[in-house]
Amino acid sequence: MIVRRIIFGALTLLLVATIIFVATELLPGDAALHILGRDATAENLAAMRERLGLGQPSYLRYLDWLGHLVIGDLGTSFGTNMPVAPLVADRLWNTMRLAAFAALLCMPLGFLLGVRSAIHAGSVFDRSTGIVALVVASLPEFFLGLSLVFLFAVQLGLFPAIAVVRPGQDAVAFLRSAFLPALTLALSMIPHLVRMTRAAIMAELTSSYVETSVLKGVSRSAIIWGHVLPNVLGSLISTSALILAYLIAGVVVVETAFAFPGIGRLMVDAVANKDMPLIQASALVMSAVYVVTNLLADLFAVLASPRIAEAR
């Protein structure tokens, strides 16, 4: 099973890499013209295209790109003429720190609210939580971000509206700069986590062992915490992995809104500058993070299954 999942993940990444290359090929504009400007002569443009490797047919550039990917070479940036790998690595590290911060904010609260809603299903708390979760989940991330900026940065002056992240920055300064973008991501994910946790628990409550526990007089709270949660742990791990993968690979809007120097913002800037290697590398790395995270989640979910544990 593990080998099959790894092979499937590798094939998925190959397909994603192909889609990314084709998509960048279809982007409007000329990278050479963007670099040299509109006053460039035809000879200079031809020479620049040759230097950038744009004179070759698309299929040859695709095969060359895949060949370099296999050995870990992500190419050279058109704009800075620097290797892409260290640029992406620095920004990915910032995004991973932001995602970890957001996960610390959303996952404990989301799980606790979901469990409490399941324990008190049908109560005022359960209905209120469901309504609030639905409303928050319906709000676009940029609206959440602007609302938090207005409240915490403009009105209260507690946190900066723009995330200032510098090399060598201490942890306290980073957390303060990244609080608003992390809170925006957390608020966008908490409703999904609450609803998924509640749904998983409510589905498990229809099992025969739960009915037996109820007949024995065990309280609903004890049944959920002691019996149901271990059985839904696999699905909750998968849900958490999807959320974590999104927090890393789906942060383009939030990073752009707060000018956070992460990999999502790097890709947006690369698209604006027609920097093809940087676009391809950023998109591929975010896709790889998403695929690998889900692969690990599937494996942990299987290993966390009580049936697997009993078999071992």
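One is the number of the first residue; the rest follow in order along the sequence. Not measured: the values here are computed from a predicted model. In what follows, every heavy atom counts, from backbone to side chain, and hydrogens, waters and symmetry copies are set aside.
- Atom CD1 in I119 sits 4.5 Å away from atom CD1 in I224 (nearest 0.5 Å).
- Between L278 atom CG and M82 atom CE the span is 10.5 Å, to the nearest 0.5 Å.
- More than 12 heavy-atom neighbours from other residues, nucleotides or ligands sit within 6.0 angstrom of OH on Y209.
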- [ ] Begin with the C-alpha distance, continue with both residues' side-chain angles, and end with the deciding distance and a verdict on side-chain contact (heavy atoms from CB on, under 4.5 Å) for L66 and L69.
- [x] CA-CA 5 Å; L66 284 183; L69 286 179; 4.1 Å; yes
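- Although no hydrogens or angles enter the test, the distance criterion places a donor-acceptor pair under 3.5 Å between the side chain of S207 and the main chain of E204.
- Linking ILVMFWY residues whenever their side-chain heavy atoms come closer than 4.5 Å, directly or via other members, places L148 and L139 in the same cluster.
- Under the 3.5 Å distance criterion, with hydrogens and angles disregarded, a donor-acceptor pair is assigned to the side chains of E255 and T95.
- The closest side-chain heavy-atom distance from F260 to V254 is not below 4.5 Å.
- F111 and L109 are not part of a single hydrophobic cluster, where members link through side-chain heavy atoms under 4.5 Å apart.
- Checked for salt-bridge contact, D126 and R116 miss the test: no charged N lies under 4.0 Å from a carboxylate O.
- R61 is listed as a side-chain neighbour of F21, based on a closest heavy-atom distance under 4.5 Å.
- For the atom pair CE of M276 and CD of Q280, the computed distance is 6.0 Å after rounding to the nearest 0.5 Å.
- Side-chain contact between R97 and V165: present, with at least one pair of heavy atoms (C-beta onward) separated by less than 4.5 Å.
- By the neighbour-count criterion of 12 heavy atoms within 6.0 Å, atom CZ of F143 is sparsely surrounded, having that number or fewer from other residues, nucleotides or ligands.
- Between the side chains of Y246 and S188, no donor-acceptor pair is found at a separation under 3.5 Å.
- Heavy atoms from other residues, nucleotides or ligands lying under 6.0 Å from CE of M107 number more than 12.
- For M96, the CE atom is loosely surrounded, since the number of other residues' heavy atoms within 6.0 Å does not exceed 12.
- Annotation: side chain of M286 is not in contact with side chain of Y290 (no heavy-atom distance under 4.5 Å).
- Contact of the V232 side chain with the T197 side chain is not registered, since no non-hydrogen atoms from C-beta on lie closer than 4.5 Å.
- Note that OG of S177 is 10.5 Å distant from CD1 of I162, once rounded to the nearest 0.5 Å.
- In this structure, a donor-acceptor pair under 3.5 Å is absent between the side chains of R91 and N94.
- When all heavy atoms are compared, the tightest approach of T76 to P277 is O-CG, 3.2 Å.
- Taking both residues in full, the closest heavy atoms of A102 and A186 are given as O-CB, 3.8 Å, listed atom of the first, atom of the second, then distance.
- Ring-plane geometry between F179 and F101 is classed as tilted, the angle between the planes lying from 30 to 60 degrees on a 0 to 90 degree scale.
- Contact detail for A153 and L180: the closest heavy-atom pair is CB-CD1, 4.3 Å.
- The same ILVMFWY cluster, assembled from side-chain heavy atoms under 4.5 Å apart, contains both W225 and V228.
- Following chains of ILVMFWY side-chain contacts shorter than 4.5 Å, one can reach V16 starting from L92, so the two form part of one hydrophobic cluster.
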- [ ] Start with the C-alpha distance between F258 and T184, add both sets of side-chain angles, then the distance that settles side-chain contact (heavy atoms from CB on, under 4.5 Å), and finish with yes or no.
- [x] CA-CA 10 Å; F258 289 95; T184 302; 3.6 Å; yes
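- Taking the side chain as every heavy atom from C-beta outward, I7 and R4 never approach each other to under 4.5 Å.
- At least one side-chain heavy atom of T80 sits less than 4.5 Å from a side-chain heavy atom of L87.
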- [ ] Could you give me the CA-CA distance, side-chain angles and deciding distance for L134 and R195, then say whether side-chain contact (heavy atoms from CB on, under 4.5 Å) is met?
- [x] CA-CA 9 Å; L134 182 61; R195 296 168 67 184; 4.0 Å; yes
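- Going from atom CG of L296 over to atom CZ of R5 covers 11.5 Å, rounded to the nearest 0.5 Å.
- To the nearest 0.5 Å, the span separating CZ on F159 from CG on L183 amounts to 8.5 Å.
- V285 and W93 fall into different hydrophobic clusters, where Ile, Leu, Val, Met, Phe, Trp and Tyr residues are linked whenever their side-chain heavy atoms come under 4.5 Å apart, directly or through other members.
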Open item on the list: Please determine whether side-chain contact (heavy atoms from CB on, under 4.5 Å) holds for the pair L229 and L236, giving the CA-CA distance in whole Å, both sets of side-chain angles, and the decisive distance to 0.1 Å.
Closed with: CA-CA 9 Å; L229 280 180; L236 294 182; 4.2 Å; yes
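- When all heavy atoms of V84 and A281 are compared, the pair lying nearest together is CG1-CB, 3.3 Å.
- Residue L13 comes nearest to L284 through the heavy atom pair O-CD1, 4.4 Å, listed as atom of the first residue, atom of the second, then distance.
- In this structure, D170 contributes its side chain and V172 its backbone to a donor-acceptor pair below 3.5 Å.
- Considering only heavy atoms from C-beta on, L266 comes within 4.5 Å of V88 through its side chain.
- Taking each heavy atom of C106 and I243 in turn, the nearest pair found is SG-CG2, 4.3 Å.
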